[in-house]
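Down below is the structure, laid out as structure tokens.
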Amino acid sequence: MYWCKIAREKSEFEEIARLNHETFVEEIPQHQAQASGMRTDPFHEQNTYLIVLSGIDVVGMIALRSERPFSLDLKIGKVEDFLPDAGKICEIRLLAVRKAHRNGRVFFLLARALSDYCLEQGFESAVISGTTRQLKLYGQLGFQPFADPVGTGEAVFIPMVTTRRQYSDSVSARLQARRRLFLPGPVALTAQLAAPFQEAPISHRSAAFQEVRQQVDRLFIEMAASTPYLLAGSGTLANEAMLAQIKRLDSKGLILVNGEFGRRLINQAERLDLDYMVDEVSWGQTFDFEKIAEQLETRNYGWVLMVHGETSTGQINDFRSLAELCVQQGIRLCLDCISSFGALPFSLKDVWLATAASGKAIGTMSGIAIVFAHHKITPDNKLPSYLDLGLYAANIPFTFSASLLESLKRALSAYPERYELLESRFRQLLEDTKEWPSLTAGYSTSRTFETTAENHFLSQDAHLSGFELHAASGYLKKRALFQISCIQPEFERDWQQFLAFYEIYQHYHA
């Protein structure tokens, strides 16, 4: 199995020196032979090396650097004299693949890893001294000549450049096509769910749109035992609309927090100037509902708000006992179910308001914000019109994508069978990762893991190898966590490939 990483270890740099000698001394007579069979690049200390391994053997490499002068500067003069609009620029060098592994797959991995790294570092242009025997290869990366050839004999090189725009137009989509996703959203679309986006658009005022809307409402009510209000937007919008309704209560509330998205509810409540208290416990810790019950009995709260599926920890906060207590005391319970809705079955019968979104466990494209209510919501002209759920009671009052609505209908039609699929996937995930350092057991779509000294660079190296773990969010980076979700449509196939990568990765770093 081929995989990719950034070179960081002494043994990897030794292999790079051997490959450097094999390619640029023995194969391309560019430098004098060394008795050691190793050649250290003069810019070695400044280079970042991306390497491809077959199992535990280094079989390919490419280097880049941004410190000046470039080796190309020394050959033709300052490259900006030829490229005045180059912007932030790097030089790519030392593209080499061992002969036995020149099968296209190694180059593909190097090209994708290089593109990811350059884009993440903010480079706008990249230059390379292209050997004349590999011009077609460089062209596949979007490189074009920008100056006359340099060198003599078999070591003739052509100064070439690619820009972010050239690269995106010619290469980017092809390299991104094979990624294996383990993200909690957005979700890659199946052919069935993608098909509506190829159809002619229809008005959200049309009878055809209303028919689909009614089917979506019926499916939601069957799943949640609560009436859906649909808005064009993200889960954040759904929470804002919910909080706007809470503000109408004109009463003090309690916000329960045990993760990042609970903290975000506080931020949103603050922006809307709600009157509230906070009960916060440590990340991943379960709430003490007996203690919360005492608070609700002794203080005059009108509402309680919490996250049901806390994405940041992969934890389900069981709201059932809290819902019963709130019903008994006439307190309105409100839930952020954006990550949990569609992941596992539950009823919102005793929940005053709850939120969900189309682009999570439900499995279709992001863009529909959902607020559930078991009571009739009336318009309120004191609210911003886009947040006024009362305007959405009879129809969708503002522009809405019919294609997105049809895709959502198709996604909802996969239930209840999809619950069983996600549960089966999650059981497999739990079994395969039972020895991994995890933060919580998780729930039926996602599990959170701790980054250790042994797997410190796992997420980055997995990314360079085409596996997308959920690790880029600031709240995960801050706590050295990463997550694996099983909601993506090709999870079974991709998971087996990731496990093969992980086994090699662990063996390599043992």
Side-chain angles (χ1 to χ4, degrees), residues 1-27 36-41 44 47-64 92-117 137 175-182 428-429 431-437 449 451-469 471 482 484 490-510:
M1 179 182 184
Y2 291 119
W3 59 287
C4 191
K5 70 186 298 287
I6 293 175
R8 308 179 187 93
E9 302 172 18
K10 179 181 178 182
S11 60
E12 294 169 344
F13 294 129
E14 290 174 350
E15 284 301 305
I16 286 169
R18 291 189 184 93
L19 184 53
N20 193 355
H21 194 277
E22 290 174 18
T23 305
F24 300 106
V25 174
E26 299 169 20
E27 184 176 355
S36 64
M38 302 170 68
R39 183 178 190 278
T40 299
D41 186 70
H44 173 75
N47 290 339
T48 295
Y49 295 97
L50 302 172
I51 57 175
V52 171
L53 300 96
S54 175
I56 61 173
D57 300 320
V58 176
V59 298
M61 70 174 185
I62 198 166
L64 70 155
I92 297 169
R93 306 175 57 251
L94 306 180
L95 172 59
V97 178
R98 289 202 157 101
K99 290 182 179 180
H101 297 273
R102 293 177 184 173
N103 51 25
R105 288 179 291 165
V106 174
F107 172 74
F108 173 85
L109 271 177
L110 284 173
R112 183 172 60 190
L114 178 67
S115 71
D116 288 344
Y117 188 83
L137 189 66
L175 292 183
Q176 301 303 319
R178 300 184 192 178
R179 291 203 175 276
R180 298 170 179 89
L181 305 178
F182 302 99
Q428 187 66 52
L429 176 61
E431 175 63 25
D432 292 335
T433 62
K434 60 186 177 184
E435 303 299 329
W436 297 19
F449 302 95
T451 301
T452 64
E454 291 75 19
N455 67 9
H456 183 71
F457 295 105
L458 173 63
S459 297
Q460 183 181 43
D461 293 341
H463 168 67
L464 294 175
S465 300
F467 300 99
E468 293 297 331
L469 309 181
F482 68 92
I484 293 176
E490 300 295 335
F491 174 79
E492 288 81 4
R493 181 199 65 185
D494 293 346
W495 180 241
Q496 293 306 311
Q497 293 176 347
F498 178 76
L499 287 177
F501 159 80
Y502 185 78
E503 183 178 357
I504 293 172
Y505 191 86
Q506 295 296 100
H507 177 61
Y508 181 76
H509 291 91

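- Under a 3.5 Å cut-off, the side chain of D494 and the backbone N or O of R180 do not form any donor-acceptor pair.
- Around atom CD of E492, more than 12 heavy atoms belonging to other residues, nucleotides or ligands sit under 6.0 Å away.
- In this structure, the side chains of I51 and K5 come closer than 4.5 Å at one or more pairs of heavy atoms.
- When all heavy atoms are compared, the tightest approach of E14 to M38 is O-CE, 3.6 Å.
- Look at K99 and E26 and you find no salt bridge, because none of the NZ, NE, NH1 or NH2 atoms lies under 4.0 Å from a carboxylate O.
- Here the side chain of S465 pairs a donor or acceptor atom with the backbone of C4 at under 3.5 angstrom.
- Looking at residues two or more places apart in sequence or on another chain, you find a side chain to side chain contact (heavy atoms under 4.5 Å, CB included) between H101 and Y2, S54, V59, V97, R98, V106.
- Using cut-offs of 30° and 60° on the angle between ring planes, the pair W3 and H509 is tilted.
- By the 6.0 Å and 45° rule, R8 stacks over the aromatic ring of F457.
- Put simply, the residue from F467, W495, W436 that forms a ring pair (Phe, Tyr, Trp, His ring centres under 6.0 Å) with Y502 is W436.
- Evaluated for a side-chain contact (heavy atoms from CB on, under 4.5 Å) with Y49, the options L94, V58, I6, I62 yield exactly one hit, L94.
- The CD1 atom of I504 sits 9.5 Å away from the CD1 atom of I56 when rounded to the nearest 0.5 Å.
- Between L109 and R105 there is no side-chain heavy-atom pair separated by less than 4.5 Å.
- In this structure, T48 OG1 and I92 CD1 are separated by 11.5 Å, a value rounded to the nearest 0.5 Å.
- At least one side-chain heavy atom of H463 sits under 4.5 Å from a side-chain heavy atom of E468.
- Taking 4.5 Å as the limit, every side-chain heavy atom of F24 sits out of range of all side-chain heavy atoms of D41.
- Looking at every heavy atom in both residues, L110 comes nearest to A96 through CD1-O, 4.5 Å.
- Once rounded to the nearest 0.5 Å, the distance linking CD of Q496 with CZ of F491 reads 8.5 Å.
- Side-chain contact between M61 and R93 is absent, with no heavy-atom pair separated by less than 4.5 Å.
- For the atom pair CG of L458 and CG of L469, the computed distance is 6.0 Å after rounding to the nearest 0.5 Å.
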